Participant: 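Before I ask anything, let me first share the structure, which is written out below as structure tokens.
Chain A is the first sequence line, chain B the second, and so forth, proteins listed ahead of strands; every chain is numbered from 1. Computed over heavy atoms, backbone and side chain alike; hydrogens, waters and symmetry mates excluded. Treat the numbers as computed from the prediction; the structure is a model and nothing was measured.
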Number of protein chains: 2
Amino acid sequence: MKQTKDRKAEILQTAALLFKQKGYSAVTMRDLADAVGIKAASLYNHINSKQQILSEIIFAIAEDFTEGIEEIVAQETNAQAKLKAVVAQHITLTADNPYGMAALNNDWMHLEDRLEYYLKLRNQYEKRFREIVLNGQQSGQLKNVSHEILLFSVLSTLRNLYLWIPRKADLQKEKLIDDLSEILLQGVVQ
Amino acid sequence: MKQTKDRKAEILQTAALLFKQKGYSAVTMRDLADAVGIKAASLYNHINSKQQILSEIIFAIAEDFTEGIEEIVAQETNAQAKLKAVVAQHITLTADNPYGMAALNNDWMHLEDRLEYYLKLRNQYEKRFREIVLNGQQSGQLKNVSHEILLFSVLSTLRNLYLWIPRKADLQKEKLIDDLSEILLQGVVQ
DNA sequence: GTCTATAGCCGGATAGAC
DNA sequence: GTCTATCCGGCTATAGAC
């Protein structure tokens, strides 16, 4: 009834929502089919396997992040501006696709054939982020605490945005970028 | 061969490790038995069900957190000291049981009978945390940004410690408490 | 306390009619 | 493009021997 392309997008979107709620392994093809309103066997006219669904959801986002941080690193701005740009990127990509972000964060270990490629992208992302932090410390803009703790702390918050953003119905993106950057960069104490 | 009590502790500990790696649903009783070095059927001499394993892992920690934050709230100290005490509690409990923390964070939705009790404990914890933040804002110690964003940001980092602490073989707990409190409270900019 | 064997159910995926 | 029917393998859990 529906066109293949629309239906496939609907399947991927619904799958991402279910993966967020229960995790990849706990979602069955029958669960997914029910949520879409068709029978499990019919899913296979649009996708080849459950594994392919996970892979498409994850890499659509992972590649955006990798490209985005390369642009930020290339900017001729100071470390503080680069960190704010990273915060903005996380907020923008998470707001666009919060359930996909959940899969990226929580279900990557269930990737099979493309697990190595995922790990490569993630390591590349963290390497670029680390460069920004180390440069900021060398130039005296950022505190000389362990860059590992700094990286862990900021990235933990950014990676968890998917838990928080969908609850804000009327998301004021620019305000969130300003407020969260302020908290992460300047702290919470008056 | 082994005593029931030792074996049960070994099973719970091994299960927590496997749950961290793949999530509750993707870990089979055969996986767990293999990792312990016995056959799947033998697990049932020590535990009643897979569900009971998850429940015991999660509530052992969840109750510690709930009790701990009640003590912190009751302290006669300012908001900054209370927040540092919360950071210290998270670091201590995570260092004691990092894999259990993973289950607490990622697998709680697979609780069946005791899901409501879990949600009650979690809501109580967040309520106490929110009280600390709101009091700190009213007394002028903490910035007047949205307390929701502040809470989300700090709690995201603390809840992700389980990903980071096990990688630090020679964890210097007191130093980590100082450094992470500094970053979360005072920010990263010089 | 551990084993082998197996019950009974549910998982992903395919075949073929419409 | 969706359906019914089904394969077959893997799942949790139990029975009963040692």
Side-chain angles (χ1 to χ4, degrees), chain A residues 1-59 103 106-115, chain B residues 1-59 103 106-115:
Chain A
M1 204 167 301
K2 278 213 187 177
Q3 279 199 303
T4 302
K5 200 179 154 190
D6 294 349
R7 196 57 119 180
K8 182 172 176 180
E10 186 186 2
I11 289 169
L12 293 179
Q13 209 175 329
T14 307
L17 171 62
L18 295 179
F19 292 167
K20 190 222 163 193
Q21 292 170 344
K22 304 202 293 176
Y24 176 76
S25 302
V27 175
T28 71
M29 296 302 272
R30 289 169 176 82
D31 291 338
L32 177 54
D34 283 352
V36 172
I38 58 178
K39 296 290 171 183
S42 306
L43 292 170
Y44 291 87
N45 269 290
H46 307 280
I47 50 91
N48 297 319
S49 65
K50 188 185 176 188
Q51 177 64 204
Q52 184 205 352
I53 294 174
L54 180 67
S55 184
E56 292 204 17
I57 291 170
I58 287 179
F59 285 103
N106 301 327
D107 289 318
W108 59 265
M109 72 284 280
H110 300 115
L111 287 170
E112 293 163 10
D113 295 350
R114 301 223 273 167
L115 176 59
Chain B
M1 204 167 298
K2 280 213 186 176
Q3 280 197 303
T4 302
K5 199 179 152 190
D6 293 350
R7 197 56 121 177
K8 182 172 175 180
E10 186 187 3
I11 289 169
L12 292 179
Q13 208 176 328
T14 307
L17 171 62
L18 295 179
F19 291 168
K20 191 222 162 192
Q21 292 171 343
K22 305 201 295 176
Y24 174 77
S25 303
V27 175
T28 71
M29 295 303 271
R30 294 186 237 275
D31 291 337
L32 177 54
D34 283 351
V36 171
I38 58 179
K39 295 291 171 182
S42 307
L43 293 170
Y44 291 88
N45 270 289
H46 307 280
I47 49 92
N48 297 319
S49 65
K50 188 184 175 187
Q51 177 64 203
Q52 184 205 352
I53 294 175
L54 179 67
S55 184
E56 292 205 16
I57 291 171
I58 287 180
F59 285 103
N106 301 329
D107 288 317
W108 58 267
M109 72 285 281
H110 299 115
L111 287 170
E112 293 165 10
D113 296 350
R114 301 223 274 166
L115 176 60

Participant: Write down the atom of B:His46, the atom of B:Lys8, and the distance for their closest heavy-atom approach.
Facilitator: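 Closest heavy-atom pair between B:His46 and B:Lys8: O-CD, 3.7 Å.
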Participant: Under the rule for side-chain hydrogen bond (donor to acceptor under 3.5 Å, both in side chains), what residues qualify as partners of B:Lys39, not counting sequence neighbours?
Facilitator: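 Listed in chain order: nothing, the list is empty.
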Participant: List the residues meeting ring-ring contact (aromatic ring centres under 6.0 Å, His included) with A:Tyr24, not counting sequence neighbours, and say none if there are none.
Facilitator: A:Phe19, A:His110
Participant: Kindly give the heavy-atom pair with the smallest separation between B:Asp107 and B:Leu54, and that separation in Å.
Facilitator: O-CD2, 3.7 Å
Participant: Return the set of residues passing side-chain hydrogen bond (donor to acceptor under 3.5 Å, both in side chains) with B:Lys20 (not counting sequence neighbours), or none when no residue passes.
Facilitator: none
Participant: Does B:Gln51 reach the main-chain N or O of B:Glu112 with its side chain, forming a donor-acceptor pair under 3.5 Å?
Facilitator: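 A pair under 3.5 Å: yes.
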Participant: Strictly below 4.0 Å, heavy-atom distances to any atom of DNA chain D: list the hits from residues 19-29 of chain B, or just say none.
Facilitator: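 Heavy-atom contacts with DNA chain D come from B:Val27, B:Thr28, B:Met29.
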Participant: I need the NE2-P distance between A:His110 and C:dG11, as an integer number of Å.
Facilitator: 16 Å
Participant: Could you tell me if the side chain of B:Ile47 sits less than 4.5 Å from the side chain of B:Glu56, heavy atoms only?
Facilitator: no
Participant: Mind listing the residues from residues 47-56 of chain A sitting with a heavy atom below 4.0 Å of DNA chain D? Number order is fine.
Facilitator: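 When residues 47-56 of chain A is checked for heavy atoms under 4.0 Å from DNA chain D, there are no hits whatsoever.
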Participant: Rounded off to whole Å, could you give me the CG-to-P distance for the A:Leu18 and C:dG11 pair?
Facilitator: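 Atom-to-atom, A:Leu18 to C:dG11, this comes out as 13 Å.
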Participant: Within this structure, what is the OH-to-C1' distance between A:Tyr44 and C:dA13, rounded to whole angstrom?
Facilitator: 5 Å
Participant: Rounding to a whole Å, what distance do you find between A:His46:NE2 and C:dA13:C1'?
Facilitator: 15 Å
Participant: Any idea which heavy atoms bring A:Ala26 and B:Ser25 closest together, and the distance?
Facilitator: CB-OG, 3.3 Å
Participant: Please find the pair of heavy atoms, one from A:Ala15 and one from A:Ile57, that lie closest to each other, and give the distance.
Facilitator: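 Closest approach of A:Ala15 to A:Ile57, heavy atoms only: CB-CD1, 4.1 Å.
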Participant: Indicate the atoms forming the closest heavy-atom contact of B:Ala35 with B:Thr14, along with that distance.
Facilitator: CB-CG2, 3.5 Å
Participant: Atom CG of A:Leu43 to atom P of D:dT4: distance rounded to whole Å?
Facilitator: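 Roughly 14 Å, once rounded to whole Å.
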Participant: Find every protein N or O atom lying less than 3.5 Å from an N or O atom of nucleotides 3-6 of chain C, and list the pairs.
Facilitator:
from, atom 1, to, atom 2, distance (Å)
C:dC3, OP2, B:Lys39, N, 2.5
C:dC3, OP2, B:Ser42, OG, 2.9

Participant: Within a radius of less than 6.0 Å around CD of A:Gln21, do more than 12 heavy atoms belonging to other residues, nucleotides or ligands occur?
Facilitator: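 Atom CD in A:Gln21 is crowded, with more than 12 foreign heavy atoms closer than 6.0 Å.
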Participant: How many Å lie between CG on B:Asp6 and P on C:dG1, as a whole number?
Facilitator: 10 Å
